[in-house]
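Each remark here refers to the structure printed beneath this line.
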Protein chains: 2
Amino acid sequence: MVRIIENLNLSEQVTNDLGRAIVAGEYSCESGLPTEAQLCEEYGISRTAVREAVKMLAAKGLISSRPRQGISVEQPSNWNLYDTSVLSWLLDSSPSLHVLKEFLQMRLAIEPQAAALAAEFARDEDIDQIEKAVEAMRIAATDPSASMHDADLAFHTSVLFASRNRFFFQLRDFIRTALNVSIQHTTPAKANDVAVAEDHAKICLAIRNRQPERAKNLMTHLIDEAMSFIEAEIKRRS
Amino acid sequence: MVRIIENLNLSEQVTNDLGRAIVAGEYSCESGLPTEAQLCEEYGISRTAVREAVKMLAAKGLISSRPRQGISVEQPSNWNLYDTSVLSWLLDSSPSLHVLKEFLQMRLAIEPQAAALAAEFARDEDIDQIEKAVEAMRIAATDPSASMHDADLAFHTSVLFASRNRFFFQLRDFIRTALNVSIQHTTPAKANDVAVAEDHAKICLAIRNRQPERAKNLMTHLIDEAMSFIEAEIKRRS
DNA sequence: TTATTAATTTTGTATTATAATATGCTTTAA
DNA sequence: TTAAAGCATATTATAATACAAAATTAATAA
């Protein structure tokens with residue numbers, strides 16, 4: 001009945017299962033969810049576990065429950081998309097190419113500004129971290145055994161951190177997910193990886209040189225490249 | 001013991017109480033939380049209610065619990081700051097002028113890009129909504145009985161909606177909170193409200209005329225004004 | 001000393017019972 | 001006839017208890 005996932009206790013498994021189903025549209029705002037009693041029966045578990053799952057989903061904005069009325073599905077606009085679980089459920093159910101475009105629009109807002117803030121406020125050790133990621137990218141660009149993707153993620157995460165703004169750094173999971181989806185739609189051509197690494201290196205240098213505008217523009221360019229690639233892909237498939 | 005808040009059931013009240021305490025630093029990563037049994041005693045409630053509160057806080061990334069180890073506080077970087085409750089707990093405990101600067105840095109990333117997307121993708125009815133908010137601002141600028149703040153919020157929310165990107169619209173609660181904090185630090189001088197309303201009107205027009213770059217620049221300027229005001233205020237107080 | 005086993009503590013799950021709440025129906029009175 | 005009051009009912013909310021599972025610590029035996 002429930003997909004068993006390692007390291008997740010019963011109520012967490014049910015949360016996952018129901019969350020996925022809700023985001024996939026198996027339960028709508030109109031229909032609502034079955035009653036607690038019915039869910040107990042369906043999953044063959046106690047009310048304790050069901051209720052804890054319901055509470056967790058409610059905490060993520062997916063549902064709400066009231067006596068006599070039962071459990072109702074919240075409007076999708078109330079779902080907390082910046083919750084890692086909700087985001088993964090969304091990707092499981094949506095055509096990822098379309099979501100990817102939304103991701104890139106968001107990255108185009110966040111990351112250039114983060115780079116500018118980093119150029120202004122980063123501490124030296126933050127910039128060292130960024131540079132370390134750049135070095136890893138350079139290595140991965142030529143060494144097939146090293147992971148370009150991991151280095152890329154480290155770069156973008158460390159820039160968010162260097163912005164010294166909690167709200168930017170908080171989006172690291174969002175960016176990570178966006179990068180994961182990106183590589184699913186990228187041909188694994190390592191041809192221009194060296195050039196990509198150098199584009200990242202330029203951003204790092206701009207931050208180190210305390211050039212906010214330059215860092216911002218370079219980051220914008222970087223993400224724009226990915227965007228134009230995706231738009232071409234969308235056009236090709238339609 | 002617990003601050004009783006209307007319309008909140010017992011486990012939600014405890015969630016609020018513990019959430020506030022955790023964000024305020026009353027429990028640290030090192031110390032962790034009391035055991036479920038102790039919390040039952042402290043609050044004088046059943047384990048059921050305590051556990052449901054714990055689950056909700058865990059769903060928001062504030063804590064995690066394991067058998068024998070008890071309930072531990074997650075690192076603040078793992079807290080889901082885009083959750084409305086967590087955000088309000090944060091504001092209750094932080095010097096709001098400092099958080100306000102972080103808010104504005106974030107708005108400076110999000111809203112200009114949202115305006116640009118709106119100029120590109122908004123439907124006609126979306127733009128009508130924005131215009132309605134602008135009209136309300138114009139009225140509030142001269143009529144003391146009308147709320148400038150409400151109209152302002154409506155404007156920024158409708159631009160986010162018009163971006164036609166879920167991740168942008170999802171941030172409306174974040175923006176609302178940012179605006180709320182802003183007015184706490186703004187002198188209630190209605191002197192230049194007419195000019196402010198016209199600045200908003202220009203953005204609306206740029207969106208209607210499908211001028212993404214212009215809409216973006218105008219929005220940047222709008223938020224930059226607030227930013228420079230806040231930076232002056234921070235300097236003044238230090 | 002080291003590996004194994006046992007005891008202990010805490011959360012995880014199940015069960016049962018009762019309270020609170022909201023909805024719709026029925027009765028009653030104007 | 002109609003509106004108000006009260007009642008029945010379904011569902012979540014809270015409590016209490018019991019036992020299982022997991023992880024740490026202590027004790028034991030080789």
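Numbers restart at 1 for each chain; the letters A, B, ... are given by sequence-line order, proteins then strands.
Both tests pass for B:Arg172 against the ring of B:Phe169: distance under 6.0 Å to the centre and angle within 45° of the axis.
Taking for each of B:Pro67 and A:Ser46 the nucleotide of DNA chain C with the nearest heavy atom, the 5'-most of the two is the partner of B:Pro67. For the pair A:Glu52 and A:Gln69, both in contact range of DNA chain C, the more 5′-proximal nearest nucleotide belongs to A:Glu52.
Put simply, CG on B:Leu8 is 16 Å from C1' on C:dA20, counting in whole angstrom units. Summarising the geometry, the separation between CG on B:Leu39 and P on C:dT10 is reported as 12 Å, rounded to the nearest angstrom. Rounded to an integer number of Å, the gap from CD of B:Gln13 to C1' of D:dT14 is 13 Å. Separating the CD atom of A:Glu36 from the P atom of C:dT16 is a distance of 16 Å, rounded to the nearest angstrom. Atom P of nucleotide C:dA19 and atom CG of B:Asn9 are separated by 18 Å, given to the nearest angstrom. In this structure, the CD1 atom of A:Ile71 is 8 Å from the P atom of D:dA13, given to the nearest Å. One can place CD of A:Gln38 at 7 Å from P of D:dT11, the figure rounded to the nearest angstrom. Summarising the geometry, the separation between CZ on B:Arg47 and P on D:dT14 is reported as 16 Å, rounded to the nearest angstrom.
Distance alone, capped at 3.5 Å, is enough to place a donor-acceptor pair between the B:Glu102 side chain and the A:Arg166 backbone.
Residue B:Thr48 places a side-chain atom within donor-acceptor reach of the base of D:dA15, judged by atom type and a 3.5 Å distance cut-off alone. The base of C:dG12 is not paired with the side chain of B:Arg66 by any donor and acceptor separated by under 3.5 Å. With hydrogens and angles left out, the side chain of A:Arg68 and the base of C:dT21 share no donor-acceptor pair within 3.5 Å.
For CD of B:Gln75, the number of neighbouring non-hydrogen atoms (other residues, nucleotides, ligands) closer than 6.0 Å is 12 at most.
At the phosphate of C:dT13, OP1 or OP2 sits under 4.0 Å from a side-chain N or O atom of A:Ser11. OP1 and OP2 of D:dT12 both lie 4.0 Å or more from every side-chain N or O belonging to A:Lys55.
Note: B:His200 and B:Phe155 have perpendicular aromatic rings, judged against thresholds of 30 and 60 degrees for the angle between ring planes.
Nucleic acid contact for B:Ser65: sugar-phosphate only, since backbone atoms but no base atoms lie under 4.0 Å from a heavy atom of the residue.
Contact annotation: the side chain of B:Trp79 never approaches that of B:Lys60 to less than 4.5 Å [non-hydrogen atoms, C-beta and beyond].
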